[in-house]
Amino acid sequence: RQALEEMRALYERNQADVSEAKAGRMDLIFLIRFRHCCLLRNQRCLLAYLYDRLLRIRALRWEYGSVLPNTIQFHMSAEEVEWFNRYKKSLATYMRSVGGEEGLDLTQDIKPPKSLYIEVRCLRDHGEFEVDDGTTILLKKNSQHFLPRWKCEQLIRQGVLEHVLS
């Protein structure tokens, strides 16, 4: 906001000096050019800042999934939340279009897995959890299970499970 206020003030001073320069005061040309360069620099800095925030918001989709925690969403502007939702929908559309009928969830394995099954500990009560073979596991606080990595990776990111390293 300070940068925008500074840019507004520089622009207004330039407008006043341009009208005087048109009237014949050629000594103001260098000052007008200097202010214009300052405006362009501030514009580049603001665009770099906004681009960095968009990259971080995009990374949040891959880290947290399609629903952001309220603590993170609280620090985002309405436009950033809208951009996140559009990116989320675009990514979901793409993932449905590849990988056959069910699609392909690209967010599952961010890092290549070392093993297909991992040991996990439940950090809070979550309820029933169904595995591919149809068995149902009750995820209660402090219980440990040996589960397929791809089935529980999302729950690990959400903080329901933690990977137990032996």
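Just so we're clear, the structure is a prediction, and the values are computed from it rather than from any experiment. FYI, side chains are in, hydrogens and waters are out, and symmetry mates aren't considered; it's all heavy atoms of this structure.
Annotation for Leu147 and Val131: closest pair CD2-CG2, 4.2 Å, computed over non-hydrogen atoms. For the residue pair Leu46 and Met7, the shortest heavy atom distance occurs at CD1-SD, 3.7 Å. Here the closest non-hydrogen pair linking Gln158 and Arg124 is O-NH2, 3.8 Å. Scanning both residues, Arg61 and Lys88, for their nearest heavy atoms gives NE-CG, 4.0 Å. Closest approach of Tyr117 and Pro148 over heavy atoms only: CD2-N, 3.5 Å. Summarising the geometry of His75 relative to Arg53, their closest heavy-atom pair is O-NH2, 3.3 Å, with the distance given to 0.1 Å.
Contact annotation: the side chain of Phe129 never approaches that of Leu138 to less than 4.5 Å [non-hydrogen atoms, C-beta and beyond]. At a threshold of 4.5 Å between non-hydrogen side-chain atoms, the residues Gln43 and Leu39 do not count as touching. Looking at heavy atoms from C-beta onward, Arg149 lies out of side-chain contact with Leu116 at the 4.5 angstrom threshold. Side-chain contact between Glu130 and Thr135 is absent, with no heavy-atom pair separated by less than 4.5 Å. You'll find the side chain of Leu161 stays beyond 4.5 Å of the side chain of His126, heavy atoms only. When side chains are defined from C-beta on, His145 counts as touching Leu139, because their heavy atoms get closer than 4.5 Å.
A donor-acceptor contact shorter than 3.5 Å is absent between the side chain of Ser90 and the backbone of Tyr87. No side-chain donor-acceptor contact under 3.5 Å links Asp125 to the backbone of Lys140. Of the possible donor and acceptor atoms, none in the side chain of Asp17 sits under 3.5 Å from a partner among the backbone N and O of Leu28. Using a distance-only test at 3.5 Å, with no hydrogens or angles considered, no donor-acceptor pair links the side chain of Glu12 to the main chain of Ala9.
With hydrophobic clusters built from ILVMFWY side chains whose heavy atoms lie under 4.5 angstrom apart, Leu91 shares a cluster with Val98. Leu155 is not connected to Leu68 by any chain of hydrophobic side-chain contacts under 4.5 Å among Ile, Leu, Val, Met, Phe, Trp and Tyr, and they are in different clusters. Hydrophobic cluster membership differs between Tyr11 and Phe34, with clusters built from Ile, Leu, Val, Met, Phe, Trp and Tyr side chains linked at under 4.5 angstrom. Under a hydrophobic-cluster definition in which Ile, Leu, Val, Met, Phe, Trp and Tyr are linked whenever side-chain heavy atoms come within less than 4.5 Å, directly or via other members, Ile137 and Leu123 are assigned to different clusters. Grouping the Ile, Leu, Val, Met, Phe, Trp and Tyr side chains by contacts below 4.5 angstrom, directly or via other members, places Val18 apart from Leu10.
Note that the OG atom of Ser19 and the CG atom of Asn14 stand 10.5 Å from one another [nearest 0.5 Å]. Atom SG of Cys38 sits about 9.5 Å away from atom CZ of Arg13, to the nearest 0.5 Å. Note that the CZ atom of Arg121 and the CD atom of Gln144 stand 4.5 Å from one another [nearest 0.5 Å]. Distance SG/Cys37 to CD1/Ile32: 12.0 Å, rounded to 0.5 Å. How far CD1 of Ile72 is from CE of Met76: 8.5 Å, rounded to the nearest 0.5 Å.
Annotation: His36, atom NE2; neighbour count of heavy atoms from other residues, nucleotides and ligands within 6.0 Å does not exceed 12. Environment of CD in Glu128: sparse, with no more than 12 heavy atoms of neighbouring residues, nucleotides or ligands closer than 6.0 Å. By the 6.0 Å contact criterion, CG on Asn70 is open, its count of non-hydrogen atoms from other residues, nucleotides or ligands being 12 or less.
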ask   = When you look at Ile156 and Glu162, which way does the side chain to side chain contact (heavy atoms under 4.5 Å, CB included) test go after all the steps?
value = CA-CA 5 Å; Ile156 291 172; Glu162 78 173 335; 6.0 Å; no
request  = For the pair Ile57 and Val81, evaluate side chain to side chain contact (heavy atoms under 4.5 Å, CB included) and give the outcome as yes or no after the intermediate values.
outcome  = CA-CA 9 Å; Ile57 293 169; Val81 171; over 6 Å; no
key: Verdict with supporting geometry, Ile118 and Phe146, side chain to side chain contact (heavy atoms under 4.5 Å, CB included)   = CA-CA 6 Å; Ile118 59 171; Phe146 197 64; 5.8 Å; no
message = Working note: Phe84 + Arg58, criterion side chain to side chain contact (heavy atoms under 4.5 Å, CB included); need CA distance, chi angles, decisive distance, verdict.
response = CA-CA 7 Å; Phe84 176 81; Arg58 184 177 69 182; over 6 Å; no
request  = Check the pair Glu63, Arg157 against salt bridge (Lys or Arg N to Asp or Glu O under 4.0 Å), reporting the backbone distance first and the verdict last.
outcome  = CA-CA 7 Å; Glu63 184 178 341; Arg157 277 192 236 125; over 6 Å; no
